[in-house]
Amino acid sequence: GESVGLHLPTLSVQEGDNSIINCAYSNSASDYFIWYKQESGKGPQFIIDIRSNMDKRQGQRVTVLLNKTVKHLSLQIAATQPGDSAVYFCAENTNSNSGYALNFGKGTSLLVTP
Amino acid sequence: DTEVTQTPKHLVMGMTNKKSLKCEQHMGHRAMYWYKQKAKKPPELMFVYSYEKLSINESVPSRFSPECPNSSLLNLHLHALQPEDSALYLCASSQERSRANTEAFFGQGTRLTVV
């Protein structure tokens, strides 16, 4: 059964500060990674992606870093705003015998305080 | 149009009921997915359809029955569910499953409560 009182890892930051959310992945063969943002009561929303032949990719206020040596992914959000408060998931696109599918990491809850 | 539309948004059903969840996309995507998400947990893959054929069933109980009538529609038929099946059910689509660099677009989900 499901654990009662299970909490997501939580990161609390002040508005205007930079946020760093980390993710470890397990499959060294994964070749594509996505960060999703999920607000309460909504579906996951694409933020940024990165291919395994890159180690950094930048978007608007967001940067994703990939370290394949230690199988680590991070999402940096610059000048964090209250609207950034959400749960953030990393997802890896892994290939099985029947093709690719997205597998999600555990998630981090980001809380932005004024 | 980059939208995946799921209906209904909320559903309450008894353990003896039969109901269906619906998902629709008009992006020309040929891969569609059902995920189940419990509170404070990541989405878990249930089924994958590729070119209207079921390509992955992640050991989901038979009380969940997926159907892909055409390339734009995906249904999830529910029968004899248990209270522990209460969750957010998410539909997603992507261009193709055979390509690695393929972003999946998610719907807003159906919040299912089994009583």
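Per chain, numbering begins at 1; letters A, B, ... match sequence-line order.
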Show your reasoning for whether side chain to side chain contact (heavy atoms under 4.5 Å, CB included) applies to B:Tyr33 and A:Leu102.
-> CA-CA 10 Å; B:Tyr33 312 79; A:Leu102 272 181; over 6 Å; no

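- With a 4.5 Å cut-off on non-hydrogen atoms, A:Tyr36 touches chain B through its side chain but not through its backbone.
- Taken to the nearest 0.5 Å, the CD1 atom of A:Ile34 stands 8.5 Å off from the OG atom of B:Ser94.
- Within the 4.5 angstrom heavy-atom criterion, no atom of A:Gln45 approaches chain B.
- Linking ILVMFWY side-chain heavy atoms closer than 4.5 Å, directly or via other members, places B:Leu21 and B:Leu54 in a single hydrophobic cluster.
- Using a 4.5 Å cut-off between heavy atoms, B:Gln6 does not touch chain A at all.
- Both A:Leu73 and A:Val62 belong to a common hydrophobic cluster when Ile, Leu, Val, Met, Phe, Trp and Tyr are linked at side-chain heavy-atom distances under 4.5 angstrom.
- Ranked by non-hydrogen atom pairs under 4.5 Å with chain B, the options A:Gly41, A:Gly43, A:Ala91 are led by A:Gly43.
- No more than 12 heavy atoms of other residues, nucleotides or ligands sit less than 6.0 Å from atom CE of B:Met15.
- Around atom CD of A:Gln60, no more than 12 heavy atoms belonging to other residues, nucleotides or ligands sit under 6.0 Å away.
- Put simply, B:Trp34 and B:Val60 are part of the same group of oily side chains (I, L, V, M, F, W, Y) that touch within less than 4.5 Å, one to the next.
- Minimum heavy-atom separation, A:Phe89 to B:Pro42: CE2-CA, 3.4 Å.
- By the neighbour-count criterion of 12 heavy atoms within 6.0 Å, atom NZ of B:Lys19 is sparsely surrounded, having that number or fewer from other residues, nucleotides or ligands.
- Pairing each heavy atom of B:Leu88 with each of A:Gln38, the nearest pair is CD2-NE2, 3.9 Å.
- The contact between A:Lys42 and chain B is made by backbone and side chain atoms together, counting heavy-atom distances below 4.5 Å.
- Applying the 6.0 Å contact sphere to CD of B:Glu24 captures more than 12 heavy atoms from other residues, nucleotides or ligands.
- The choice from A:Ser109, A:Gly107, A:Pro44 that makes the most heavy-atom pairs within less than 4.5 Å of chain B is A:Pro44.
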